[in-house]
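Note sheet for the following structure.
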Amino acid sequence: MTGPSAAPTPSPAPSPASTPGVVAELIARSHRLGADPTTTNYAGGNTSCKGEALDPVTGSEVQLLWVKGSGGDLGTLTEAGLAVLRLDRLRSLVDVYPGVEREDEMVAAFDFCLHGRGGAAPSIDTAMHGLVTAPHVDHLHPDAGIAFATAAEGQELTFKCFGERVVWVPWRRPGFQLGLDIEAVQQAHPQAIGVILGGHGITAWGMTSDQCERHSLEIIRTARQFIDTHGRDEPFGPLRPGFTARPTEPTDERRIRAAALAPLIRGLASTDRPQVGHFDDSPDVLDFLARSECPRLAALGTSCPDHFLRTKVRPLLLDLPADAPLDDVVARLRQLHAEYREDYAAYYRRYATADTPAMRGADPAIVLVPGIGMFSFGADKQTARVAGEFYINAIGVMRGAEAISEYQPIPESEKFNIEYWALEEQKLARLPRPKSLATRVALVTGAGSGIGRAIAIRLAQEGACVVVADRDAASAQAVAEQLGGTDVATAVTVDVTDEAQVDEAFRQAAIAFGGVDLVVNNAGLSISKPLLETTVDDWDRQHDVMARGSFLVSRAAARLMIQQGLGGDIVYISSKNSVFAGPNNVAYGAAKADQAHQVRLLAAELGEYGIRVNGINPDGVVKGSGIFSSGWGAQRAAVYGVAEDELGAFYAQRTLLKREVLPEHVASAVFALVGGDLSQTTGLHVPVDAGVAAAFLR
């Protein structure tokens, strides 16, 4: 009896072909174009290529489109940031296109054209890239190109500048119909290398990647040369007396005023939701604010969709001269902010329909202060910085348009339709949930090493922007760089015993991030001696750093937080020794007791401003501790009669839990206090000592 016949061995499935070379060319081209902010904005514009690849199902070649996906950035584009679509299926959508009134439905249809797994979500501009027949397409937002796109005589000027080589396309909201419009222009003008998109930007194409890039740069270069050659001098008008930049010599008046205003402005811009700030006083910004046409142009707002989605429909512009008294500026900013919110709500009511998403907030994203600079805001530092960069691009656009014509952005109603576009709402809904400390700015003293470094790392991991404060500049800078660079952290050099240095540290924090919400008084040192061997210098040094230093830092923090009006947290890293009478420890223990009582006093005083003050009482933090490594460990080991390298284990054995305390445990306690779960707690001291019964609070 024979067994069952063996099943035939299946043929191996065809494997996908390696990535075509055109994709590598596309990514390289994108990086070059994205590296120049005058060529396109961060996360703005898109590029594409077409080519053949193996279909792993049929084993045959298929025509594909690779195009930068939604939300990506040209300058940092990777293959994972590309959407990959079947070109035949994408172009077949023309046959089922329901018309411009329902063109948003086509975005969902792109998903049915995708090839393979992974990749980025197709953007709204996918049709533009797929319907244009050229193998390579660039869509960019260069300042010079948008200057033509927003000029009142844009169509005539485009012909005058480019002839038949570049064709004008009237304003149309990005989408499937715009792709059809550009395809029609390309077919009707075979000699054209690209188009100027009214109110928007440029699109160029080519038979090769290099040719496409050359055409993009040719359009930008030709437009810039035309503006330089034919544009009038001083397109923003003459300087306004009193509105020029405040001096930086002999004292940096501009920066000092900016730091004084930043927390107030950030608080106003955070009325609806907390924001992180960015400050820019570059020459282009200061010159624009000093010119006679600035009020008119600022009121018109930006035009390119990528611009006003970041900067909002228009900025808030202070109408006082640069030398106005600070109190007058503060009062006027408050008044203008209230008016801005009323105007924005009215703008929303003018155009909203029953299907419009809820108003996202009525606060400005850009605040312009003549003589000082520009304050921009966002949900994180990068978003705030990029918003400012976009407005600088908008200034360049307005300068170019005013030089050759008159700046004429798209109508306000069109801006609203894009700002509250259902597709934009869906894009926002896909953003990841923010971390617990997102939008919060933390300043940690003694953060260059030990416990402070661990706290800075943990706060950054939880989403905070961190000011790494330490008297050792190199250590502070190293920690700031470890945290992720200037969009996450900045280093400040400060001796907390020096009042001027403490005030300067908070000025730097205000310039870097708009203000401060969370302060950790961690800087400390210790000298272990019996009473009779403790010198006045020993006493003064420890009280200067921990008692005086904490007082100076907390006072500066309270001033800023009260001005901000957003509440805040102040956390003291005190010690088990603040309540425990350890041997040979009078100066350190007394200084820590001072800190512990500051917690109680300030909690009682600052509660009315929504500022919570709490403390941490660590003990036995040997590994990774800056204090223990600087001699304190050897001194304490001598007191207890153990080897210094066994001190951590010695401390652990005298605790209830028999566990060693590490800097990360203290950092976790800080986060527990400030992360949101203990929002109603103030005046508390949290022991982080693995259980020392003699130090129980009672």
Side chains of [X] and [Y]: is there a donor and an acceptor less than 3.5 Å apart?
X: Q598; Y: D594; value: yes
X: D280; Y: S282; value: yes
X: R471; Y: Q501; value: no
X: R458; Y: S668; value: yes

Do the side chains of L552 and V496 get nearer than 4.5 Å, heavy atoms only?
-> no
Any chance you could lay out the salt bridge (charged side-chain N to carboxylate O under 4.0 Å, His left out) test for D272 and R341, step after step, and finish with the verdict?
-> CA-CA 10 Å; D272 285 325; R341 288 177 58 81; 2.9 Å; yes
What is the ring orientation for Y348 with F416, classed by angle as parallel under 30°, tilted 30 to 60°, or perpendicular over 60°?
-> perpendicular
Once the angle between the rings of Y347 and Y351 is folded into 0 to 90°, is it parallel (under 30°), tilted (30 to 60°) or perpendicular (over 60°)?
-> perpendicular
For the side chain of [X] and the backbone of [Y], is there at least one donor-acceptor N/O pair under 3.5 Å apart?
X: R600; Y: G683; value: no
X: S574; Y: I616; value: no
X: K435; Y: Q461; value: yes
X: H337; Y: L268; value: yes

Salt-bridge criterion met for [X] and [Y] (N-O under 4.0 Å):
X: R246; Y: E253; answer: yes
X: D517; Y: R266; answer: yes
X: D503; Y: R507; answer: no

Would you mind telling me which of L518, D569, L602 makes a side-chain contact (heavy atoms from CB on, under 4.5 Å) with R612?
-> D569
Sequence neighbours left out, what passes side chain to side chain contact (heavy atoms under 4.5 Å, CB included) with H543? Give chain and number order.
-> W539, A547, A590, A591
For salt bridge (charged side-chain N to carboxylate O under 4.0 Å, His left out), just list the numbers for D689 and K576, CA-CA rounded to whole Å, side-chain angles, deciding distance to a tenth of an Å, and then say yes or no.
-> CA-CA 7 Å; D689 57 12; K576 173 264 296 181; over 6 Å; no
Evaluate salt bridge (charged side-chain N to carboxylate O under 4.0 Å, His left out) for R555 paired with E499, printing each intermediate quantity in order.
-> CA-CA 10 Å; R555 186 180 66 175; E499 181 178 7; 2.6 Å; yes
